[in-house]
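Report on the following structure.
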Protein chains: 2
Amino acid sequence: MKISRKTDYALRALFTLVEHYHRGPVSVRELARRNDVPKRFLEQIMLEMKVKGWVASVMGKQGGYVLAKSPESITVGQVVRHFDGVMSPIACVSVHHYQPCSQEPICRFRRLFLDVRNHASRLLESATLASIYQGKPVRPEEVFALELTGGAGI
Amino acid sequence: MKISRKTDYALRALFTLVEHYHRGPVSVRELARRNDVPKRFLEQIMLEMKVKGWVASVMGKQGGYVLAKSPESITVGQVVRHFDGVMSPIACVSVHHYQPCSQEPICRFRRLFLDVRNHASRLLESATLASIYQGKPVRPEEVFALELTGGAGI
DNA sequence: GTAATATACGACTAAACGAATCGTACATAA
DNA sequence: TTATGTACGATTCGTTTAGTCGTATATTAC
């Protein structure tokens, strides 16, 4: 159920670019420093995002990366799906990576994972860089709130 | 965001045991055959579930496994958490596997993944073997419903 | 008693994946 | 012309996943 570090790093860099939107390019060196990401690794990631059309590069000295689309038009879901591929907890409920399973006709728990996927999908696809950028940071207590209200946490 | 095959296989076996609840032990051979799972692999899994107290074994000829608790008292969340460990999409929003991250004070997207975790957690923890056993299988169209309603699927 | 059928338990392995790292070529502004 | 950038492919390395295998032990039917 985890997202990869690539997704994490990509999102960190994207939000820095949102911060600098329309204020010139930011170098990978700077993106890496500010977000605590290995520089050479981030190079790869930025390149992938360029191919995706989310960012554009400015070459040469004083160069770097800029956001190529408005923060309203890039969703977190798109980023997660690109770097992590499957977002479904199980392949038999995936739209883009569907794989048939011999147990489908009798499977008891498929619906549950379908619900989990639908919820996650809706949340991530409706979150744009712009909408998330506006939000407030999470307070430490919030992470443990579920446990306090009777849930088992996770 | 995927669950492991171990979790998948464990759940398949558990639901077969629900079906045979109070009707004698089912051998690993039979559990493997009916659920299309490698037999030697399932042996390991059943052993783990025995340690967890979810199933009990009956040794010798005519032996096998039985459910050790009522289907109402075992949740899918417990099974997922045991075999997959982390259910949080990112470790900084995990209760049981929390790991601090240098970006927490400024992180923009942490809340989003916290929401995803909370939703998944609530769904999985409130699903018991009994409640899921009662449900109907998923119709094929349902898997693609999100796409049709404008979501990107996943 | 013994053969057949079970679970119990530890060790081992092959392939895939994640998370980088490295070398080097090319671009451009100061 | 040099310092500072991106571009791109190849390689490495540790971990995890998804098993397999050997062997010991327990129980029952005959």
Side-chain angles (χ1 to χ4, degrees), chain A residues 1-13 17 20 24-33 35-52 54-68 80 82-86 89-91 97 99 101, chain B residues 1-13 17 20 24-33 35-52 54-68 80 82-86 89-91 97 99 101:
Chain A
M1 310 283 274
K2 282 181 67 176
I3 62 167
S4 66
R5 240 169 241 207
K6 260 191 169 178
T7 299
D8 185 357
Y9 294 163
L11 288 172
R12 294 187 196 189
L17 294 185
H20 281 244
V26 184
S27 69
V28 172
R29 167 194 298 278
E30 182 65 10
L31 289 170
R33 198 189 54 73
N35 295 291
D36 198 19
V37 173
K39 189 197 153 213
R40 295 303 297 268
F41 194 29
L42 188 56
E43 277 178 20
Q44 272 185 53
I45 294 168
M46 297 311 294
L47 228 34
E48 279 188 69
M49 294 206 282
K50 183 188 169 184
V51 171
K52 270 295 187 179
W54 299 327
V55 301
S57 65
V58 179
M59 288 210 67
K61 201 170 174 178
Q62 307 293 333
Y65 285 93
V66 296
L67 221 54
V80 172
H82 174 255
F83 286 106
D84 278 340
V86 189
I90 196 164
H97 298 81
Q99 276 202 288
C101 165
Chain B
M1 311 282 275
K2 284 182 66 177
I3 61 166
S4 65
R5 241 169 242 209
K6 259 192 170 177
T7 299
D8 184 356
Y9 293 164
L11 288 172
R12 294 187 196 189
L17 293 186
H20 281 245
V26 185
S27 69
V28 172
R29 167 195 298 277
E30 182 66 10
L31 289 170
R33 197 188 56 73
N35 295 291
D36 198 19
V37 173
K39 189 199 151 211
R40 294 305 296 267
F41 194 28
L42 187 56
E43 276 178 21
Q44 271 186 52
I45 295 169
M46 297 311 294
L47 227 34
E48 280 189 67
M49 294 207 281
K50 183 188 168 185
V51 171
K52 271 295 185 178
W54 299 328
V55 300
S57 64
V58 178
M59 287 208 68
K61 202 170 174 180
Q62 307 293 334
Y65 284 94
V66 296
L67 221 52
V80 172
H82 174 255
F83 286 107
D84 279 340
V86 190
I90 194 163
H97 297 81
Q99 276 202 289
C101 165

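Given the structure is predicted, the values throughout are model-derived calculations rather than measurements. Residue numbering restarts at 1 for every chain, and letters A, B, ... go by the order of the sequence lines.
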*Between B:W54 and B:L17, is any pair of side-chain heavy atoms under 4.5 Å apart?*
no
_Separation of atom CE in B:M49 from atom P in C:dA8, rounded to whole Å_ = 12 Å
*Candidate nucleotides D:dG19, D:dG5, D:dA26, ranked by approach to the side chain of A:M59 - the nearest*: D:dG5
*Has A:R29 got a side-chain N or O lying under 4.0 Å from the OP1 or OP2 atom of D:dG5?*
yes
*Rounded to the Å, how far apart are A:I90 CD1 and D:dT17 P?*
15 Å
_Non-hydrogen side-chain atoms of B:Q44 and B:K6 separated by less than 4.5 Å_ = yes
*For the pair made of CZ in A:F41 and P in D:dC8, what is the distance, rounded to whole Å?*
18 Å
*Separation of atom CD1 in B:I45 from atom P in D:dT17, rounded to whole Å*: 13 Å
*Nearest of D:dC8, D:dG5, C:dA8 to any side-chain atom of A:R40?*
D:dC8
*Can you tell which of C:dA6, D:dT28, C:dT21 lies closest to the side chain of B:Q62?*
D:dT28
*Out of C:dT7, D:dA18, C:dT28, whichever nucleotide has its closest atom nearest the side chain of B:S57*: C:dT7
*Between D:dC8, C:dA29, D:dA10, which nucleotide gets closest to the side-chain atoms of A:K61?*
C:dA29
*Kindly say if A:K50 contacts the phosphate of D:dA7, meaning a side-chain N or O under 4.0 Å from OP1 or OP2.*
yes
*Return the 5'-most residue of the pair A:I3, A:G60 with respect to DNA chain C, ranking by each residue's nearest nucleotide.*
A:I3
*Whole Å only: how far is the NE2 atom of A:H97 from the P atom of C:dC17?*
12 Å
_Integer-rounded Å distance: D:dT20 P and B:E43 CD_ = 11 Å
_Go through it in stages, so that I can follow the logic: the residues are A:E43 and A:K39, the test is salt bridge (charged side-chain N to carboxylate O under 4.0 Å, His left out), and I'd like the CA-CA distance, side-chain angles, deciding distance and then a yes or no._
CA-CA 6 Å; A:E43 277 178 20; A:K39 189 197 153 213; 3.8 Å; yes
*asked:* Is the shortest side-chain heavy-atom distance between A:V37 and A:L31 below 4.5 Å?
replied: no
*asked:* Here's a test of your reading of the structure: between A:S27 and B:R5, which maps to the more 5' nucleotide of DNA chain D?
replied: A:S27
_Tell me the interatomic distance from A:D8, atom CG, to C:dG18, atom P, rounded to whole angstroms._
14 Å
_Whether the side chain of B:Q44 and the base of D:dT20 hold a donor-acceptor pair under 3.5 Å is what I'd like checked._
yes
*Between A:E48 (CD) and D:dC8 (P), how many Å, whole number?*
12 Å
_Counting the atoms with a prime plus P, OP1 and OP2 as sugar-phosphate, which does A:Y9 contact under 4.0 Å by heavy atoms, base, sugar-phosphate, or nothing?_
sugar-phosphate
*Tell me, do B:V55 and B:V66 make a side-chain contact under 4.5 Å, heavy atoms counted?*
no
_Side chain of A:V28, heavy atoms from C-beta onward: which of D:dT6, D:dG19, C:dA6 has the nearest atom to it?_
D:dT6
